[in-house]
Colleague: 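Quick one: the structure is below, questions incoming.
Along the sequence shown, the residues carry numbers beginning at 1. Just so you know, ligand 1 is whichever comes first in the structure, and atom 1 is the first atom listed for that ligand.
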Amino acid sequence: MNENFYITTPIYYVNDKPHIGHAYTTILADVLSRYQRSLGFDTFFLTGTDEHGQKVEKAAQKRNVEPLAHCDETVVRFQELWKRLGITNDFFIRTTFDFHKEVVRKILQDLYDRGEIYRAEYTGWYCVGCERFFTEKDLVEGKCPDCGREVSAIQESNYFFRMSKYRDWLVDYIKSHPDFILPSFRANETLGFLRQELGDLCISRPKSRLAWGIELPFDSDYVCYVWFDALINYISGVGYLQDDKEFARRWPASCHLIGKDILTTHSVYWPTMLKAIGLPMPKTIFAHGWWLTGNAKMSKSAGNVVDPMAMIDRAGVDAFRYFLLSEMSPGSDANFSEESFISRYNSDLANDLGNLLSRVSKMILRSGGTVPAPEKFEDVDNELLAIAKSAVSAMADNLAQYKPDQGIDAAMGVVRAGNRYLEKCAPWQLAKTGDTARLEAVLYTAAEALRHVAVLLEPVMPEKMAELAKVLGYEDGKICAIAELADKISDLAGRKVSDTAALFPRIIVEEEKAPAAAKPEKKEKKEKKSEKPAEPVGLISIDDFFKTKLKTAKIVAAERVPDAKKLLKLQLEVGSESRQIVSGIAESYAPEDLIGKTIVIVSNLQKATIRGVESSGMLLAAGKGDKIRLVTLDGDIASGVDVG
Ligand code: MSP
């Protein structure tokens with residue numbers, strides 16, 4: 001990446017209500033910006049809105065207001081959402097700003113003067129939805145090749161940009177710059193598109209048909225094509241033709257982040273425009289996939305949009321940011337469902353991360369309240385510290401390749417390793433046996449792993465990681481810049497740890513399905529009378545046995561049920577599912593001794609409410625009273641695995 005990091009999102013159509021597709025691009029740009037800032041790069045992050053064109057004009061007419069007044073009202077939806085999502089853009093550009101219109105007009109005039117723009121008769125097909133012209137051969141069954149809607153035949157005099165003459169140059173440029181269009185299969189898509197004849201680009205609209213746009217400086221009967229106007233935001237927003245010093249500091253952009261549906265406009269129109277203007281190319285155009293709901297692209301017209309605000313209300317801003325970035329591999333599409341959101345939240349954040357923090361902070365508080373400064377480490381400690389260190393470079397490598405999901409996974413790998421480490425080193429036992437030296441080394445090491453996680457995930461979950469930092473004794477919520485993680489000696493030892501409420505309280509799903517096998521099954525047919533001799537009473541068939549679904553489950557949290565001497569409430573991870581079971585084992589086990597154990601449960605038992613607490617399933621155990629022992633497994637095995 002460049003020393004100066006300049007990243008852009010598409011500018012969103014001001015008419016739309018932002019959905020999670022828009023939120024994803026903006027959060028991804030925000031995470032990359034925060035990350036680059038933390039590395040010490042001179043970073044600039046631009047987003048904004050695309051406000052001209054037919055859709056806005058029509059929407060304003062329908063409401064009987066001026067187009068600009070309409071934009072002023074609707075732009076707020078984006079600005080408020082970005083504020084709520086903690087987006088740290090350096091500037092928000094609107095294409096109706098005077099300075100932007102001025103830059104567009106200057107570019108148009110210059111290109112016209114140099115013969116890069118010419119006037120000609122045009123006949124073709126126009127899609128109002130996409131605001132694009134198509135030739136007869138572009139159409140698919142007579143309809144728009146992009147959105148499938150009806151197109152209208154159009155014949156008029158228009159202005160054209162000589163895009164066709166840059167085709168060979170563009171093909172060579174893409175081939176000789178492997179980072180120009182990413183992922184690389186998108187570069188191949190563009191090269192495929194360029195194998196066909198490339199026409200010139202119609203860059204004008206007669207005012208008689210569309211008045212809401214930037215007037216052409218050389219013909220007041222026309223306005224500028226909305227895409228030609230919109231793409232220029234990437235340079236007008238950083239000082240082009242206004243502030244040479246600022247522009248030289250920012251351009252060329254490090255990355256234009258876009259969705260795959262606007263690849264051609266960015267990988268063909270924009271580079272040829274820049275070439276004609278005489279400017280260098282952006283380093284990378286990265287096209288991510290779509291968010292789908294029910295396997296269809298999320299969009300206003302499909303009526304399947306997910307409102308980001310609803311998700312934020314459910315689990316908080318940071319959990320929403322975390323989910324979007326960890327769930328999508330940006331090269332591919334991703335499916336959004338509330339279940340997957342809750343399941344990832346509960347397993348990654350509530351269980352793994354929340355649990356590690358709560359175990360470490362509670363143990364430190366019980367042993368004096370400050371992070372110890374151990375003198376001696378064992379191999380097992382150094383292994384965890386090495387995993388934490390390697391996550392720093394894994395995050396860097398993955399973000400440089402636009403793979404935030406894998407960077408996050410590396411950080412969460414530290415969390416998972418931290419939990420395994422605690423199970424192995426059992427600091428609660430060390431506290432009981434009074435092995436202070438070892439206890440100190442273990443608590444310090446686990447806290448140091450958490451310190452790395454907090455710094456690495458800060459760009460993704462800024463507020464929650466600041467809270468985590470405070471628990472570890474960094475009173476202002478700031479630990480250090482990512483760049484310092486690798487270079488500086490840790491300043492963790494001696495910090496005063498504070499108590500914390502759960503960082504990520506579990507989301508309890510109310511409507512868990514009743515277990516199927518719990519309902520008595522009706523026999524379809526009467527069984528044939530057996531000719532064989534009767535079997536001993538009480539024996540069951542193998543089929544009967546398998547009606548009981550036994551599964552492995554990992555205990556991630558445990559607490560006493562108030563006013564019930566014998567009962568513990570356990571939170572379990574069963575594969576990707578989370579569940580709660582109330583069990584009468586409180587006289588045999590202290591809650592903290594159970595965390596991390598993998599046990600066996602009956603997973604298809606009907607739900608019950610015990611002392612007002614919901615219980616979904618049963619643990620397998622032997623014994624009575626204070627002599628109960630849980631059925632555990634002989635060796636490491638994942639949770640959610642069938643037993644039988
Ligand atoms: N105004 C143009 C962009 C001009 S940039 C010079 C535009 N606006 S848009 O509001 O329709 O789309 C903006 C971005 O949102 C695009 O990158 C598009 O891919 C993205 N998304 C819209 N729906 C999406 C999903 N369902 N999933 C992911 N991103 C999607 O196009």
Colleague: Does ligand 1 have an atom under 4.0 Å from some heavy atom of Y234?
Modeller: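 Yes, that is the case, since the closest heavy atom of the residue is under 4.0 Å from the ligand.
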Colleague: Which ligand 1 atoms, with their elements, are less than 4.0 angstrom from a heavy-atom of G289?
Modeller: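 Listed by number with element: 28 (C).
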Colleague: If you count the atoms of ligand 1 from 1 in the order shown, which ones are under 4.0 Å from a heavy atom of I262?
Modeller: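 Answer for ligand 1: 16 (C), 17 (O), 31 (O).
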Colleague: Which residue holds the protein heavy atom closest to atom 13 (C) of ligand 1, what is that atom called, and what is the gap in Å?
Modeller: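 The protein heavy atom lying closest is Y12 CD2, 3.4 Å.
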Colleague: Quick check: W227 and ligand 1, any N/O pair under 3.5 Å apart?
Modeller: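 No; the residue has no nitrogen or oxygen that sits under 3.5 Å from a nitrogen or oxygen of the ligand.
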Colleague: Are D261 and ligand 1 in contact, using a heavy-atom cut-off of under 4.0 Å?
Modeller: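 For ligand 1, residue contact (heavy atoms, under 4.0 Å) with D261 is present.
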Colleague: Does D172 come within less than 4.0 Å of K175, counting only side-chain N to carboxylate O?
Modeller: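 Salt bridge flag = no for K175 with D172.
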Colleague: Considering the heavy atoms of D50, write down every atom of ligand 1 situated less than 4.0 Å from one of them.
Modeller: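 Once the distances to D50 are compared, the set is 1 (N), 2 (C), 4 (C).
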Colleague: Looking at ligand 1, does any of its N/O atoms fall within less than 3.5 Å of an N/O of G259?
Modeller: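 Checking ligand 1 against G259, an N or O pair does fall under 3.5 Å apart.
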Colleague: Give a yes or no on whether a salt bridge exists between K260 and D333, defined as a side-chain N under 4.0 angstrom from a carboxylate O.
Modeller: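 Yes, charged N to carboxylate O under 4.0 Å.
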Colleague: Short list, please: which atoms of ligand 1 are under 4.0 Å from a heavy atom of H288?
Modeller: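 That gives atoms 28 (C), 29 (N) of ligand 1.
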Colleague: Test your reading of the structure: does I11 have an N or O sitting under 3.5 Å from an N or O of ligand 1?
Modeller: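 The answer is yes, given that I11 and ligand 1 share an N or O pair closer than 3.5 Å.
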Colleague: With a 4.0 Å cut-off, would you call E51 and R94 a salt bridge?
Modeller: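 Here E51 pairs with R94 in a salt bridge, since their nearest N and O are under 4.0 Å apart.
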Colleague: Below 4.0 angstrom from a heavy atom of H22, which ligand 1 atoms are there? Numbered from 1 as shown, please.
Modeller: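 Matching atoms, with element in brackets: 10 (O), 15 (O).
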Colleague: Out of Y13, W270, W291, whose heavy atom is nearest to atom 28 (C) of ligand 1?
Modeller: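 Checking each option, the heavy atom nearest atom 28 (C) of ligand 1 is found in W291.
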Colleague: Taking D219 first and then R119, would you say they form a salt bridge - that is, a charged N and a carboxylate O separated by under 4.0 Å?
Modeller: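 Judged by the 4.0 Å cut-off on N to carboxylate O distance, D219 and R119 do form a salt bridge.
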Colleague: Regarding E156 and R205, does a basic nitrogen lie under 4.0 Å from an acidic carboxylate oxygen?
Modeller: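 No, no charged N to carboxylate O under 4.0 Å.
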Colleague: Is the positively charged end of K283 above the ring of F180, judged by distance under 6.0 angstrom from the centroid and angle within 45° of the axis?
Modeller: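 Cation-pi check for K283 and F180: fails.
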Colleague: So, E80 and R84, do they make that salt bridge, N to O below 4.0 Å?
Modeller: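 Not counted as a salt bridge, because no side-chain N and carboxylate O are separated by less than 4.0 Å.
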Colleague: May I ask you to say whether K403 pairs ionically with D397, meaning some side-chain N is under 4.0 Å from a carboxylate O?
Modeller: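 Answer for the salt bridge query: no.
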Colleague: A cation-pi test, strictly: NZ or CZ of R209 under 6.0 Å from the centre of the six-membered ring of Y126 and no more than 45 degrees from its axis. Yes or no?
Modeller: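 Here R209 passes the 6.0 Å and 45° test against Y126.
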Colleague: Contact between A287 and ligand 1, counting heavy atoms under 4.0 Å?
Modeller: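 Contact check A287 vs ligand 1: negative.
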Colleague: Give me the atom names and distance for the closest heavy-atom approach of C127 to C144.
Modeller: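 Looking at all heavy atoms of both residues, the closest pair is SG-SG, 3.7 Å.
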Colleague: Considering only protein heavy atoms, which is closest to atom 26 (N) of ligand 1, and at what distance to one decimal place?
Modeller: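 Result for atom 26 (N) of ligand 1: M298 O, 2.9 Å.
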Colleague: Indicate, as side chain, backbone, both or neither, the part of Y24 found under 4.0 angstrom from ligand 1 when only non-hydrogen atoms are considered.
Modeller: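 Within the 4.0 Å criterion, Y24 makes no contact with ligand 1.
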